[in-house]
Novice: 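This structure is in structure tokens; I'll ask about it shortly.
Per chain, numbering begins at 1; letters A, B, ... match sequence-line order.
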Amino acid sequence: MPVFAMSYDPAPALAEVSSSLGLRFPLLSDEGSEVIHKLGLKRWPDVDPAELTERERGLPIPVAYELDAGGTVVRRHLHEVHRVRPSAAVLLGAGPGDRLGGYERDGLRVEVHHPTASYRPKQVQALTVSLSVPEGRYVYVGEVPDGLVPLSVELIGPEDLVVGDIPLPSGRRLERAGSYAGLRILEGTQTLSVPFRIEQEHPSVSLEVHIELQGCDASVCFVPQRFSVVVHLEGRPTVPAHHALAPDGATTGEAG
Amino acid sequence: MTSHLSEQDTRGPKVGERFPDVVLPDQHGVSVDLHRDRGGRRAWFVVLRSAVW
């Protein structure tokens, strides 16, 4: 799905961010915040601009809109005001990115991807975990009776790692007679998003994706597998000096 | 995630409304028209606090 991102930064600063993160969608420059104002998205619309700092003036509330094919808003997603926010690369559909680690056994394959292999403190990011189950086999998900192990995904990392909810696919109902009837199963290739943020600056961090699952086929369930994929992310500074806004950033309109 | 604004914040375009026209230069200074350039496809329009700080 196409992504359009907008901020009040000047176009040259956006060009730097875009190329350094390898973004594949446009970053629109609303320098002067006219469109932000017109959309009614100013953070402090009623405050005298003289009382606001350069950065606060014209600042929007961080929000994302999902539009249908006709351009109607079907979903609105608000992000936190302050320093916790989605990284431009991740929540905006930059694709799963580089493969950072993986696991393969008995035909079952797990791969972990991240768009940039790096992070900035307090940015909400996501690892993409893809799970490929060989043909003829499946993996349980959701509620299962004692003795079976459903898919679980856990992210372990430094103390300042904050992990969001990891939504698991709902799969389909197992169509067979007996006590396993109606249990939910996953087949084929499934993609999961593991949202997280890291609060502090580190030169680099190691994250462990712990996955537990049990593969079955029409006649037998295999021993549950528990394994980890370790990925490394390079730390980036919170505010890169060369990205800082010019003192008079609101009026240097190179973007035209 | 634990990091949401209040969903009661009603500023800006609402669910069910057509998103207003937006025409702005992109990072290369090329004019982008949201509704024209999404070409009849579903799309995300994301408002960033700032992409650089």
Novice: Which one, B:G12, B:A43, B:S31, B:G40, leads in non-hydrogen pairs under 4.5 Å with chain A?
Specialist: B:A43

Novice: Taking A:L27's backbone N and O only, do any of them form a donor-acceptor pair with B:Q27's side chain (distance below 3.5 Å, no angle check)?
Specialist: yes

Novice: Who wins among A:G70, A:S19, A:G40, A:P2 for the most heavy-atom pairs under 4.5 Å with chain B?
Specialist: A:P2

Novice: Does B:R18 come within less than 4.0 Å of B:D21, counting only side-chain N to carboxylate O?
Specialist: yes

Novice: Is the gap between the ring centers of B:F45 and B:F19 under 6.0 Å?
Specialist: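 Here the rings of B:F19 and B:F45 have centres that are less than 6.0 Å from each other.
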
Novice: Which region of A:K38, side chain (C-beta onward) or backbone (N, CA, C, O), has a non-hydrogen atom less than 4.5 Å from a non-hydrogen atom of chain B, or is it both or neither?
Specialist: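 Just its side chain gets close to chain B.
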
Novice: Provide the closest heavy-atom pair for A:S170 versus A:V141 in the form atom of the first, atom of the second, distance.
Specialist: O-CG1, 3.8 Å

Novice: Would you mind checking which part of A:V74 comes under 4.5 Å of any heavy atom in chain B, side chain (CB onward), backbone (N, CA, C, O), both or neither?
Specialist: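 Backbone of A:V74 only, per the 4.5 Å heavy-atom cut-off to chain B.
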
Novice: Using non-hydrogen atoms and a 4.5 Å limit, figure out which bit of B:V15 sits close to chain A: side chain, backbone, both or neither.
Specialist: both

Novice: Any ion pair linking B:R42 and A:E66 (charged N to carboxylate O, less than 4.0 Å)?
Specialist: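 Answer for the salt bridge query: yes.
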
